[in-house]
Amino acid sequence: MALPVALPVVVGVDGSDSSLRAVDWAADEAARHDVALRLVYASLWERYETGVPGTGAERPSERVLAEHVVASAADRAARRAPDVKVTTDILPEDAADALLHEGNNACLVVTGSRGRGELKGLLLGSVGLAVAGRSYCPVVVVRGNPAGLAGTRERILLGAGGPASGGAAARFAFREAAARGCLLEVVRAWRRPTIDAPAQEGAEPRASALLDELLREPAAEYPDVRVRVVTAEGPAHRILVHRSAAADLVVLGAARRHGHRGLQLGRVVHALLHQADCPVAVVPQMG
């Protein structure tokens, strides 16, 4: 089933191994939903004076480098998903700002976990973090181990927030599970009452009730999706990181407030973006 509107999947490319993995993931996603794929290279040229080694006496200009990166990525995408229409663009802008702008006319923005030139020890690069934390369009950060990137586990994992913050994420997760014909596992964490927090009594029944409310509408819209509901005791970020090892994609909601320019990521989303064993979708929920 196609996504609700025929907007493209946008993926940021920069020639890094991480961005090539993002291109592969985005090409598969575009084919899965029968939409176009748009490859965007964005950079303030002066930030990358080193470029790549040239064959002659002069080093290639940033423009030549950008054209090479985009052409190689487009060829890779075309070979991976030959039926997908691929377009490209080169933008002399800050990469995060450019992808945020592109998200205004996209069904999904896809980034790698680290960009060219960023330290290999980083768990998540600055561009992926900025886009996931500020976008009003769903964002997927392609990360994880090889098994998680392969997409063969046939399971989508939804970290269920409340209806006020997780409704859009629930619809996105159902849509993905329907398109892939796979299981949707919905997880809601709860905490056992303690002496210091007696108000938590009854937390597990409340978690179940919140799940029922959250899933009612998307389950009716996608009745063929197989759903497994889990209420688990413990910190949500630890539970979801652990369960991401058996998923192809983790879907999380993130509240958004208009006019707020800072990162809008809660602790759970932040942890999954840095530690999940598979790609992570951050779906904005307007408040």
Check your understanding: Given His33 and Glu176, is the side chain to side chain donor-acceptor pair (under 3.5 Å) satisfied, shown in steps?
Key -> CA-CA 9 Å; His33 291 286; Glu176 281 296 308; 2.8 Å; yes
Whether [X] side chain and [Y] backbone form a donor-acceptor pair below 3.5 Å:
X	Y	result
Gln285	Ala169	no
Asp248	Thr152	yes
Arg21	Val142	no
Ser18	Ser113	yes

**Study point:** Test log, rule side-chain contact (heavy atoms from CB on, under 4.5 Å), inputs Glu29 and Arg180
**Key:** CA-CA 10 Å; Glu29 184 74 354; Arg180 298 164 184 251; 3.7 Å; yes
Quick one: do [X] and [Y] end up in the same hydrophobic cluster if we chain Ile, Leu, Val, Met, Phe, Trp and Tyr together by side-chain heavy atoms under 4.5 Å apart?
X	Y	result
Leu214	Tyr222	yes
Val225	Leu158	yes
Leu272	Ile239	yes
Phe172	Val229	yes
Leu273	Val187	yes

Closest approach of [X] and [Y], non-hydrogen atoms and distance?
X	Y	value
Ala77	Val86	CB-CG2, 4.3 Å
Ala132	Val141	CB-CG2, 4.3 Å
Val241	Ala271	CG2-O, 4.4 Å
Val186	Ala160	CG1-CB, 3.8 Å
Ala179	Arg32	CB-CG, 3.8 Å
Leu252	Leu240	CD2-CD1, 3.9 Å

Check your understanding: Of all residues at least two apart in sequence or in a different chain, which pass the salt bridge (charged side-chain N to carboxylate O under 4.0 Å, His left out) check with Arg155?
Key ->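 For Arg155, the residues satisfying salt bridge (charged side-chain N to carboxylate O under 4.0 Å, His left out) (neighbours in sequence not counted) are Glu185.
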Hey, could you give me the [atom1]/[atom2] distance between [X] and [Y], rounded to the nearest 0.5 Å?
X	Y	atom1	atom2	result
Arg134	Leu129	CZ	CG	10.5 Å
His101	Leu91	NE2	CG	8.5 Å
Cys137	Leu108	SG	CG	6.0 Å
Glu93	Leu99	CD	CG	9.5 Å
Leu215	Arg171	CG	CZ	12.0 Å

Exercise for review: Go through Trp25 and Val9 one step at a time and tell me if the side-chain contact (heavy atoms from CB on, under 4.5 Å) criterion holds.
Suggested key: CA-CA 10 Å; Trp25 195 96; Val9 171; 5.9 Å; no
Point to revise | Set of residues satisfying side chain to side chain contact (heavy atoms under 4.5 Å, CB included) with respect to Thr87, sequence neighbours excluded | key: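 By the side chain to side chain contact (heavy atoms under 4.5 Å, CB included) rule, Thr87 matches Arg38, Lys85.
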Point to revise | For Asn145, all residues meeting side chain to side chain contact (heavy atoms under 4.5 Å, CB included), sequence neighbours excluded | key: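 Ala147, Arg153, Asp277.
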Exercise for review: Apply side-chain contact (heavy atoms from CB on, under 4.5 Å) to Thr88 and Ile90, showing your working.
Suggested key: CA-CA 7 Å; Thr88 65; Ile90 298 172; over 6 Å; no
**Study point:** Sequence-distant partners of Asp28, side-chain hydrogen bond (donor to acceptor under 3.5 Å, both in side chains), two or more places apart
**Key:**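 For Asp28 the side-chain hydrogen bond (donor to acceptor under 3.5 Å, both in side chains) partners, ignoring immediate neighbours, are Arg80.
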Review point. How would you list, by chain and number, every residue that makes a side-chain hydrogen bond (donor to acceptor under 3.5 Å, both in side chains) with Asn104, sequence neighbours excluded?
Key: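 So Asn104 forms no side-chain hydrogen bond (donor to acceptor under 3.5 Å, both in side chains) with any residue.
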Practice item. Could you check if a side-chain atom of Pro8 sits within less than 4.5 angstrom of a side-chain atom of Cys107, using non-hydrogen atoms only? Key: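 No, side chains not in contact.
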Exercise for review: Verify salt bridge (Lys or Arg N to Asp or Glu O under 4.0 Å) between Arg188 and Asp212, making sure each step is shown before the conclusion.
Suggested key: CA-CA 11 Å; Arg188 174 82 183 186; Asp212 291 342; over 6 Å; no
Exercise for review: Would you mind telling me which of Leu149, Ile156, Val250, Leu157 makes a side chain to side chain contact (heavy atoms under 4.5 Å, CB included) with Cys278?
Suggested key: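 Testing Cys278 for a side chain to side chain contact (heavy atoms under 4.5 Å, CB included) against Leu149, Ile156, Val250, Leu157 leaves exactly one candidate, Val250.
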Point to revise | Summary of salt bridge (Lys or Arg N to Asp or Glu O under 4.0 Å) pairs that have at least one residue in residues 66-78, sequence neighbours excluded | key: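 For residues 66-78: Asp24-Arg76, Arg63-Glu67, Asp75-Arg79.
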Practice item. Kindly determine whether Tyr41 and Leu65 satisfy side-chain contact (heavy atoms from CB on, under 4.5 Å), including the steps that lead there. Key: CA-CA 10 Å; Tyr41 181 106; Leu65 170 63; 4.0 Å; yes
